[in-house]
Amino acid sequence: MNATTPSHTTHEASEDARNNDIKIYVNGEIVHRDEAKVSVYDSGFMLGDGMWEGLRLYNGKWAFFDEHMDRFFNSCKTVSLDVGMTKEEILDALNRTAAANGMTTDVHCRLMCTRGKKDKPFQHPALSRSGPTVVMILEHSKPVDSLQSAGIRLATVAQVRGLPTSQDPKLNSHSKLNCIIACLQAEAAGADEALMLDPHGFVNTTNACNFFIVRRGEVWTSTGDYCMNGITRQKVIDLCRANDIPVFEKNFSLYEAYGADEAFLTGTFGAQTPVASIDGKTIGNGERPMIQRIRQLYKELIQRETGGN
């Protein structure tokens, strides 16, 4: 990678020294990060057997909390993982952890639930007999400003998001090795993140975020059959429909992606992040009117959702 071209990720946050002393929720206790520990026998550590959810706190309120909980509980149900907490209990734990850290806005949480500590270091889920492990990591977290100006460089990789019969990509699983391999392949190609295709060769998603292109005033994204159906992804689709912006969930190839007027990623952390290039090909002419419009619409939605100014 060219030394004059710094690498970015869609989860690159501004440094915040307050995160050195955050308190973390671990199975009902809120403890300093240095004391937040789980067993090496935990099924999440040992096998990636768990589900997680990313949430953001704005103005004292967790944005789109119900939608995130629907996805989280549906994912856990799919793999017969008993969370051991209700949606209301999770919200209470999130709020208590935020209060313990003096956090009110620009906060990102990674909520994690694993099948818990195993009696023996083997695969069978029945060996997890102690109940689930639930962890909530809250950090002061704002995307770096340079992401909006520089944009993300993507490289198409060989690693694909697979069929639901292998590991359903709709699951927010602790088992992220597929995406990590894709990210490594993109890094080896000199890019920031990976553009992953679906099993049929159509453009799908990145290793970390959902992917959109803009062509002739239309917004396109994948069918959603082979990717995480992101909350922010759906909010962008809904905003387009509500504001007379043509939007399509459809199959399209790299041909359409390379020739797009604009391209961007969506995710809970970064909201909407511009794509600067794909496989070394510059996207558009540097002007991003559609991305700017969608970002403004999304900002207004967050303000309505959380009661901010």
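Quick caveat, the model's predicted, so the values are computed rather than measured.
Taking OG1 of Thr205 as the start and CD of Glu193 as the end, the distance is 10.0 Å to the nearest 0.5 Å. Note that CG of Asn19 and NE2 of His140 are 6.0 Å apart. Values are rounded to the nearest 0.5 Å. Separating the CZ atom in Arg233 from the CG atom in Asp238 is a distance of 10.5 Å, to the nearest 0.5 Å. Here Cys113 contributes atom SG and Met136 contributes atom CE; the two are 9.5 Å apart, rounded to the nearest 0.5 Å. Rounding to the nearest 0.5 Å gives a distance of 10.5 Å between CG of Asp168 and OH of Tyr226. How far CG of Asn59 is from OG1 of Thr104: 7.5 Å, rounded to the nearest 0.5 Å.
Distance alone, capped at 3.5 Å, is enough to place a donor-acceptor pair between the Lys37 side chain and the Asp34 backbone. Side-chain N or O atoms of Asn210 include one that pairs as donor or acceptor with a backbone N or O of Met228 at under 3.5 Å. The backbone N or O of Phe202 lies less than 3.5 Å from no partner atom in the side chain of His200, so there is not a single donor-acceptor pair. Not one N or O on the side chain of Asn101 forms a donor-acceptor pair closer than 3.5 Å with the backbone of Ala98. For Arg295 (side chain) and Gln272 (main-chain N/O), a donor-acceptor pair under 3.5 Å exists by modelled atom type. With hydrogens and angles ignored, the 3.5 Å screen pairs no side-chain donor or acceptor of Ser277 with any backbone N or O of Gly280. Distance alone, capped at 3.5 Å, places no donor-acceptor pair between the Ser222 side chain and the Val203 backbone. Without hydrogens or angle criteria, Asn243 side chain to Ile245 main chain gives no donor-acceptor distance under 3.5 Å. Using modelled atom types, no side-chain atom of Glu187 and backbone atom of Leu184 make a donor-acceptor pair closer than 3.5 Å. The backbone N or O of Asp70 sits less than 3.5 Å from a side-chain atom of Asn74, completing a donor-acceptor pair.
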Apply side chain to side chain contact (heavy atoms under 4.5 Å, CB included) to the pair Glu139 and Ile22, showing each step before the final yes or no. CA-CA 7 Å; Glu139 291 187 332; Ile22 56 171; 3.9 Å; yes
Yes or no on salt bridge (charged side-chain N to carboxylate O under 4.0 Å, His left out) for Lys281 and Asp279, after CA distance, side-chain angles and deciding distance? CA-CA 6 Å; Lys281 299 171 176 62; Asp279 298 331; 5.5 Å; no
Mind running side-chain hydrogen bond (donor to acceptor under 3.5 Å, both in side chains) on Asp21 and His32 for me, showing each step along the way? CA-CA 7 Å; Asp21 285 308; His32 189 274; 3.0 Å; yes
If you apply the rule side-chain hydrogen bond (donor to acceptor under 3.5 Å, both in side chains), what do you find for Gln234 with Asn229, and how did you get there? CA-CA 7 Å; Gln234 188 59 52; Asn229 286 191; over 6 Å; no
Hey, mind stepping through Glu53 and His68 against side-chain hydrogen bond (donor to acceptor under 3.5 Å, both in side chains) and telling me if it holds? CA-CA 7 Å; Glu53 194 69 27; His68 281 286; 2.7 Å; yes
Give the intermediate values and the outcome of side chain to side chain contact (heavy atoms under 4.5 Å, CB included) for residues Lys117 and Ser39. CA-CA 7 Å; Lys117 184 178 176 181; Ser39 171; 3.9 Å; yes
Test Glu300 against Gln296 for side-chain hydrogen bond (donor to acceptor under 3.5 Å, both in side chains), laying out the working first. CA-CA 6 Å; Glu300 292 168 1; Gln296 182 59 36; 3.0 Å; yes
Side chain to side chain contact (heavy atoms under 4.5 Å, CB included), that's the test. Do Asp198 and Asp225 meet it? Break it down for me. CA-CA 9 Å; Asp198 71 18; Asp225 293 334; over 6 Å; no
Determine, step by step, whether Leu154 and Asp192 satisfy the side chain to side chain contact (heavy atoms under 4.5 Å, CB included) criterion, reporting the C-alpha distance in whole Å, the side-chain angles of both residues, the deciding distance to 0.1 Å, and the verdict. CA-CA 6 Å; Leu154 300 180; Asp192 302 315; over 6 Å; no
For Lys235 and Glu67, what are the C-alpha separation, side-chain angles and deciding distance, and is it a salt bridge (charged side-chain N to carboxylate O under 4.0 Å, His left out)? CA-CA 10 Å; Lys235 294 302 177 183; Glu67 291 95 326; 2.7 Å; yes
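Salt bridge annotation for Asp66-Lys87: present, with a cationic side-chain nitrogen under 4.0 angstrom from a carboxylate oxygen.
Leu127 and Val79 fall into different hydrophobic clusters, where Ile, Leu, Val, Met, Phe, Trp and Tyr side chains are chained together by heavy-atom contacts under 4.5 Å. Note on Leu55 and Leu138: same hydrophobic cluster, where clusters join Ile, Leu, Val, Met, Phe, Trp and Tyr whose side-chain heavy atoms are under 4.5 Å apart, directly or indirectly. With hydrophobic clusters built from ILVMFWY side chains whose heavy atoms lie under 4.5 angstrom apart, Leu171 does not share a cluster with Ile231. Val157 and Val275 fall into different hydrophobic clusters, defined by Ile, Leu, Val, Met, Phe, Trp and Tyr side-chain heavy atoms under 4.5 Å apart, directly or through other members. Hydrophobic cluster membership is shared by Val135 and Val107, with clusters built from Ile, Leu, Val, Met, Phe, Trp and Tyr side chains linked at under 4.5 angstrom.
Between the side chains of Asp49 and Thr114, not a single donor N or O lies within less than 3.5 Å of an accepting N or O. Looking at Ser75 and Asn172, their side chains never bring a donor and an acceptor atom within 3.5 Å of each other. Judged purely by distance below 3.5 Å, without hydrogens or angles, the side chains of Ser128 and Lys118 pair a donor atom with an acceptor atom.
Using a 4.5 Å heavy-atom threshold, the side chains of Phe65 and Leu91 count as touching. A heavy-atom distance below 4.5 Å is not found between the side chains of Asn204 and Val160. Between Ile181 and Leu177, the closest side-chain pair of non-hydrogen atoms falls below 4.5 Å. Under the 4.5 Å side-chain criterion, counting only non-hydrogen atoms from C-beta, Leu197 is not in contact with Arg161. Taking the side chain as every heavy atom from C-beta outward, Glu262 and Arg215 never approach each other to under 4.5 Å. Inter-residue side-chain proximity for Ile237 and Phe212 is flagged as met; some heavy-atom pair is nearer than 4.5 Å. Using a 4.5 Å cut-off on side-chain heavy atoms (C-beta onward), Thr273 and Thr266 make no contact. In this structure the side chain of Asn27 never reaches within 4.5 angstrom of the side chain of Glu29, judged on heavy atoms.
Each of Val236, Ile213, Thr221 was compared with Phe264 under the side-chain contact (heavy atoms from CB on, under 4.5 Å) criterion, and only Val236 meets it. Just one residue in the list Thr97, Leu94, Leu57 forms a side-chain contact (heavy atoms from CB on, under 4.5 Å) with Cys109, and that residue is Leu94.
For the pair Val83 and Cys76, the tightest heavy-atom approach, listed with the atom from each and the gap, is CG2-SG, 3.7 Å. The two residues Asn207 and Ala194 have their closest heavy-atom pair at OD1-N, 2.8 Å. A pairwise comparison of heavy atoms in Ser173 and Trp52 identifies O-NE1, 3.2 Å as the closest pair.
Environment of CD in Glu88: crowded, with over 12 heavy atoms of neighbouring residues, nucleotides or ligands closer than 6.0 Å.
Cation-pi contact between Arg56 and Trp62: absent, since separation from the ring centre below 6.0 Å together with deviation from the ring axis within 45° is not met.
Residue Leu47 shares its hydrophobic cluster (ILVMFWY side chains chained together at separations under 4.5 Å) with Val40, Tyr41, Phe45, Met46.
Classification of the Phe64-Tyr298 ring pair by plane angle, with boundaries at 30° and 60°, yields tilted.
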